[in-house]
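Below is one structure; the comments refer to it alone.
Numbers restart at 1 for each chain; the letters A, B, ... are given by sequence-line order, proteins then strands. For clarity, every value in this text was computed on a predicted model and none was experimentally measured. Computed over heavy atoms, backbone and side chain alike; hydrogens, waters and symmetry mates excluded.
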Amino acid sequence: MTTIRVLLPTLRRSPLLAICAAFVIFVVLLAIVGAQCTGYGYAAISDASLQPPSVTHWFGTDLNGRDLLTRTLYGARMSLLVAALGTFVSLTVGVSYGMVSGYAGGRIDSLMMRVVEILYSLPSLILVIILIATLENPVTLLLRQIGLIIVPPRIVLLVVFLGLTEWLTMARIIRGQVLVLKEQAFVQASEALGQSHFRLLFRHLLPNLSGVILVYLTLTIPAIMIDEAFLSFLGLGVQPPQASWGTLIADGASSINPIRLYWWLLVFPGGLMTLTLLALNFLGDGLRDVLDPRVKK
Amino acid sequence: MSLPTRRSLGRWVPLTFLGGGLLLLLAFFYFFGGWSLSPPVDLTICNGDEPQTLDPAIITGQLEGRLALALYEGLTTRNARGEIIPGMAESWTISPDGLTYTFKIRPDAKWSNGEPLTAYDFLHSWERTLNPETGSQYSYQLYYLANGEAYGTGKLKDFTQVGVKAPDAQTLVVTLTHPTAFFLELTSFQTLCPVYLAGIAKYGNDWMKPGHLISNGPYYLKAWRLNDYILLEANPYYWTKVDFKRIKVLPTANATTCLNLFSSGKVDLILDKNSVPASLVDDLRNEPYFHANPFGGTAFLRFNVTRKPFDDLRVRKALALAINKEDIVRKITRAGEPVADTLVPPGNADYHPPDGLHYNPDEARRLLAEAGYPGGQGFPDVQMLYAKRSTPEQVATEMQALWQKELGITSIHLRGQEWKVYLNTQSLIDFDLCLSAWVGDYNDPQTFLDMFVTNGGNNLTGWSNPTYDKLLDQSETIANPVERMKVLQEMEKILVTEDMPIVPLYYYVGISLYRSDKMAGFEPNFVDDHRWGALTFPEKKKP
Amino acid sequence: MTTLITRRLLLAIPTLFIVVSLTFLLMRLAPGNPFSNERKIPPEILAELEKQYNLNGSVSSQYFRYMGKVVRGDLSISTQYRNRTVNDILAQALPVSMLLGGLAFLLALFAGIPLGAFAAVRHNRAADRVAMLVALLGLSVPSFVLAPLLVMLFAVKWHWLPVAGWGSPDQIILPAICLAIPFAAAIARLTRGSLLDVLKLDFIRTARAKGLPEDAVLYRHALKSAILPLISYCGPALAGILTGSLVIETLFDIPGIGRFFVNSVLNRDPMMSAGVVLVFSAFLLFMNLVSDVLICLLDRRVKIE
């Protein structure tokens with residue numbers, strides 16, 4: 001809760017940060033309910049194919065005659081969902097890895113950090129491409145067997161593997177913090193009291209890390225969003241008729257031609273995504289200045 | 001902190017360093033990165049993708065075929081209209097029973113290195129193609145030869161027993177198993193083109209690199225940089241002259257990029273529908289450089305008749321009747337594709353297709369209710385397989401929405417797969433519904449209808465009908481073309497109106513972009529075969 | 001230093017081994033046959049093809065045969081581009097990707113460092129704020145949004161630059177810029193941050209106190225020290241440029257490795273995929289080592305255990 005106590009005055013002091021936070025919340029709300037409020041289904045085709053923006057279709061329509069506003073909002077839902085779940089995966093892995101490494105110290109720590117170092121120097125997205133392309137069918141089968149035919153296998157793959165590519169920074173930073181915290185009196189005291197390692201880690205260390213976690217959370221979300229869009233762009237994203245910002249941008253990018261410019265196909269999804277990323281990055285930067293103890297010095 | 005006030009030499013050090021590095025890098029890669037001042041070319045063609053191979057025996061794809069037919073030539077060849085004309089053979093005779101073909105090779109036939117080309121080259125090249133060790137996926141085109149199939153599948157080891165002989169350097173005698181109306185079309189196809197075997201023996205795996213590759217067609221391979229370009233140069237030893245002496249072939253796959261290149265004048269000819277963005281066809285249609293050429297290909301939907309609910313004819317028929325094909329061709333494909341109610345595309349004047357089923361949503365709803373799914377209720381979860389390419393994806397999306405709109409079925413899910421994975425899934429019949437297409441190898445209904453014979457390698461629906469099989473056997477023995485076409489029509493009637501393991505959707509239309517003041521000699525034909533050797537300068541347009 | 005290098009090199013070998021094995025095995029175990037096409041292949045022919053490309057027998061035996069070749073430096077024949085060895089393809093595509101990536105990297109440094117220094121010198125002024133907003137924007141615009149927009153303006157609309165392709169110097173400008181922008185932005189932010197840190201340090205104060213001109217302080221002393229975090233950023237930046245090149249090469253139709261890689265994965269070409277993964281990983285491991293060695297050499301205060 002200390003985090004929030006620091007946070008609110010910061011937002012009050014910096015209107016730009018407040019605007020960014022408000023924008024992010026607005027986009028999240030739009031993503032959750034927006035697609036239902038436009039009056040069109042995200043997969044509903046119509047004869048109004050490739051219409052420019054108008055009163056009836058604010059963002060215009062695509063080749064199948066689907067309302068682009070609805071699809072952009074639906075795409076926001078997919079992108080944010082993948083980003084949020086992926087961030088959760090990376091958070092869980094990164095925080096526990098960093099905490100264990102920093103707390104254990106010594107040989108275990110240096111071994112665990114060596115692993116991180118190696119993973120850092122691997123082309124992770126390249127490997128993710130291979131994993132998604134090859135593991136799609138097994139995952140589809142698995143989902144079908146456990147009766148989850150509705151859950152798109154690509155989303156599961158994206159969440160898991162993107163989460164697993166973006167935890168390294170988090171692990172490093174958490175480890176650094178734990179190393180510092182470990183030397184502090186309250187940790188030493190509870191260690192002397194004979195509390196279990198588990199209790200110590202989660203009861204005493206974790207709350208003290210919440211500030212750093214929040215900062216890197218805000219920075220991991222845009223990173224995963226870009227990764228997701230990148231993979232979608234290469235055709236490894238969600239299946240149609242579903243959409244994410246990446247697939248919509250891919251459609252838009254293929255409409256740049258000298259004959260007739262369907263600019264709305266690129267500008268709206270691309271613009272909304274860029275603004276969201278900008279707001280998130282700005283927010284992350286601002287929070288880091290306030291909450292990251294390493295920046296404060 | 002104050003602004004820097006005095007300029008110091010130090011400020012320029014990093015700039016000089018970076019600039020120098022930049023120049024060095026550029027200079028280095030100017031020589032090693034494939035940058036060269038290539039000589040001007042007469043014609044630049046967007047060919048759709050990078051060819052996987054230039055070995056005519058191995059080639060299966062259309063884009064590789066186009067390159068191969070610029071490099072090689074069979075016994076026969078095609079003119080711009082797609083008609084069969086003499087190629088390496090200047091003439092031929094056919095025995096009255098239609099089983100023996102005797103080809104006379106041109107006396108002036110030569111390879112691109114000037115060596116004479118003989119009937120032995122054909123004999124040994126066909127032996128190579130048919131030999132299972134070559135791994136030719138199209139070698140079945142030589143199964144029409146007597147004993148061809150036995151040798152091709154490794155059951156017969158002695159090639160001298162196969163129905164092709166070269167009594168002398170200028171004569172090739174071919175014996176077939178049964179009369180094959182389209183054999184002269186097959187001899188114009190790349191699979192039956194000769195290869196320069198001495199080169200293959202000499203260079204092994206490297207034989208198709210520029211400089212090593214010796215060919216006998218209108219062009220020879222001058223340069224080839226993967227995913228960059230291929231340069232073809234007129235073969236000086238070819239028996240006739242070509243107009244365009246040097247052709248540059250780009251492997252650009254992205255349709256928008258192709259169009260952009262064409263508009264900026266970097267490309268003269270785009271000859272693949274996939275290289276023209278469908279969303280722009282409406283705008284392009286009225287441009288003078290837009291050319292539509294219908295050809296013999298059909299897009300259709302496969303049902304897996306072994307799985308519920310598609311084992312029920314009423315469900316298949318309901319789904320078929322609910323597809324508004326007009327809607328698909330108008331909104332998605334947009335090139336003026338004719339709606340297909342039968343599988344065999346128009347083009348063969350002797351063949352009269354049966355009357356297919358037409359769009360009828362009311363009947364569809366009635367049939368679906370009769371089958372136990374009124375208003376789509378209780379319809380099981382099924383998946384529609386398609387290849388992850390832009391047109392199939394949009395067609396699949398449209399059909400899914402149409403079935404929901406007309407029949408109320410919400411449980412049809414889309415399952416797009418990458419091309420190779422899609423082919424694999426399709427060949428295992430591991431789908432409920434599958435978007436497919438077929439392009440004829442030659443202009444005869446048989447190339448479409450023999451797919452659906454029981455357990456046929458390309459049937460892939462699980463469908464089997466003894467009457468259909470019997471009719472196919474019957475058709476192969478009939479020498480009278482009119483009678484034969486009647487039998488084929490009866491077969492198609494079973495296929496598309498009675499049993500319906502498939503639903504024809506639309507016939508293919510090829511699109512090509514070129515400016516008439518730049519080139520001519522490009523005309524629509526059934527097999528969509530446009531030989532680059534037949535392209536001409538516009539002013540001496542041939543009749 | 002020597003221990004650092006030897007230890008890294010020793011670690012690199014098992015890492016590469018694992019990565020290549022994973023790629024090859026996944027590609028072979030996944031459904032989809034590299035030889036399938038629309039027409040059914042007779043089983044005899046398929047068996048022969050699999051033999052020719054060393055893809056016959058059990059997956060484990062294929063794997064051991066493949067790895068045996070890899071150890072000898074032979075990356076086998078591509079199944080997608082028949083008759084071409086992966087070595088052959090890489091030899092042609094690697095210089096292309098390196099030219100594009102190298103140019104983008106230089107551009108990123110060229111634009112990023114001055115922008116960062118400019119902002120740091122004007123710390124907390126309007127110019128700083130604007131520069132940093134620009135940098136953040138550069139970091140936030142995905143290259144696949146930016147690239148089509150730039151193509152639309154510079155190539156399609158104004159005809160200043162070619163839309164795509166490879167082979168002449170003007171064709172590299174747009175792709176290199178698109179590839180460089182996010183990294184230029186990141187470098188600008190890093191430079192500014194570390195320069196601000198350095199400017200607070202004692203030796204800068206001393207230099208100023210000695211009456212050295214501000215330029216000399218900035219360029220001769222401060223920037224030199226501030227360059228360290230940049231060098232450690234080079235590793236991740238190069239990784240990012242490599243990945244980014246997948247999209248840029250596809251969008252601009254450039255015959256580099258990125259395009260071959262995407263195609264090879266989609267076309268189930270195990271040899272090509274594993275070969276590219278090997279080359280990419282080896283390159284990045286090597287560049288990370290180089291940047292660590294550089295840091296070691298440049299600053300004796302930094303010790304890498």
*May I ask you to test the B/S139-C/I45 pair for a side-chain heavy-atom distance under 4.5 Å?*
yes
Would you check if there is a donor-acceptor pair between the side chains of C/D253 and B/T257 at a distance under 3.5 Å? no
Given B/N260, B/L250, B/I58, the one with more heavy-atom pairs under 4.5 angstrom with chain C than any other is B/N260
query: Is any side-chain heavy atom of C/R84 less than 4.5 Å from a side-chain heavy atom of B/N205?
result: no
Honestly, the part of B/Y143 sitting under 4.5 Å from a heavy atom of chain C is side chain
Answer whether the closest heavy-atom distance between the side chains of B/N227 and C/Y81 falls below 4.5 Å. yes
Taking the six-membered ring of B/W207, is the NZ or CZ of C/R82 close enough (under 6.0 Å from the centre) and on axis enough (within 45°)?
no
*Side-chain heavy-atom pair C/N263, B/E50 within 4.5 angstrom cut-off*: no
Q. What's the verdict on side chain to side chain contact (heavy atoms under 4.5 Å, CB included) for C/L46 and B/Q137, showing C-alpha distance, side-chain angles and the deciding distance?
A. CA-CA 8 Å; C/L46 186 62; B/Q137 303 181 27; over 6 Å; no
Cut-off 4.5 Å, heavy atoms of chain C, and the answer for B/T425 is neither
Per-residue tally against chain B (heavy atom, under 4.5 Å) across C/A164, C/A93, C/P34, C/A30 peaks at C/P34
Whatever's closer than 4.5 Å to a heavy atom in chain B on C/F252 counts as neither
Exercise. Can you tell me if C/Q52 uses its side chain to pair, donor with acceptor, with the backbone of B/E133 under 3.5 Å?
Worked result: yes
Between the CG atom in B/D55 and the CG atom in C/N83, the distance rounded to the nearest 0.5 Å is 6.5 Å
Residues at least two apart in sequence or cross-chain that pass salt bridge (Lys or Arg N to Asp or Glu O under 4.0 Å) with B/K266, listed by chain then number, are none
Cut-off 4.5 Å, heavy atoms of chain B, and the answer for C/P43 is neither
Quick one, C/F260 and B/L226 - any side-chain contact, counting heavy atoms below 4.5 Å? yes
The salt bridge (Lys or Arg N to Asp or Glu O under 4.0 Å) partners of C/R268 (sequence neighbours excluded) come to none
Under 4.5 Å to a heavy atom of chain C? For B/K209 that would be side chain
If one checks every heavy atom of C/I77 against chain B at 4.5 Å, the contacting part turns out to be side chain
query: Would you say C/V96 and B/R225 make side-chain contact, with heavy atoms under 4.5 Å?
result: yes
So, the part of B/Y140 with a heavy atom under 4.5 Å from chain C: the answer is side chain
Any chance you could lay out the side chain to side chain contact (heavy atoms under 4.5 Å, CB included) test for C/E48 and B/T134, step after step, and finish with the verdict? CA-CA 8 Å; C/E48 189 57 47; B/T134 309; over 6 Å; no
Cut-off 4.5 Å, heavy atoms of chain C, and the answer for B/T60 is side chain
Among B/N424, B/L261, B/V439, the residue with the most heavy-atom pairs under 4.5 Å to chain C is B/N424
Of B/G154, B/S264, B/S427, B/S136, the largest count of non-hydrogen pairs under 4.5 angstrom with chain C goes to B/S136
When rounded to the nearest 0.5 Å, the distance separating CH2 of B/W419 from CG of C/N267 is 10.5 Å
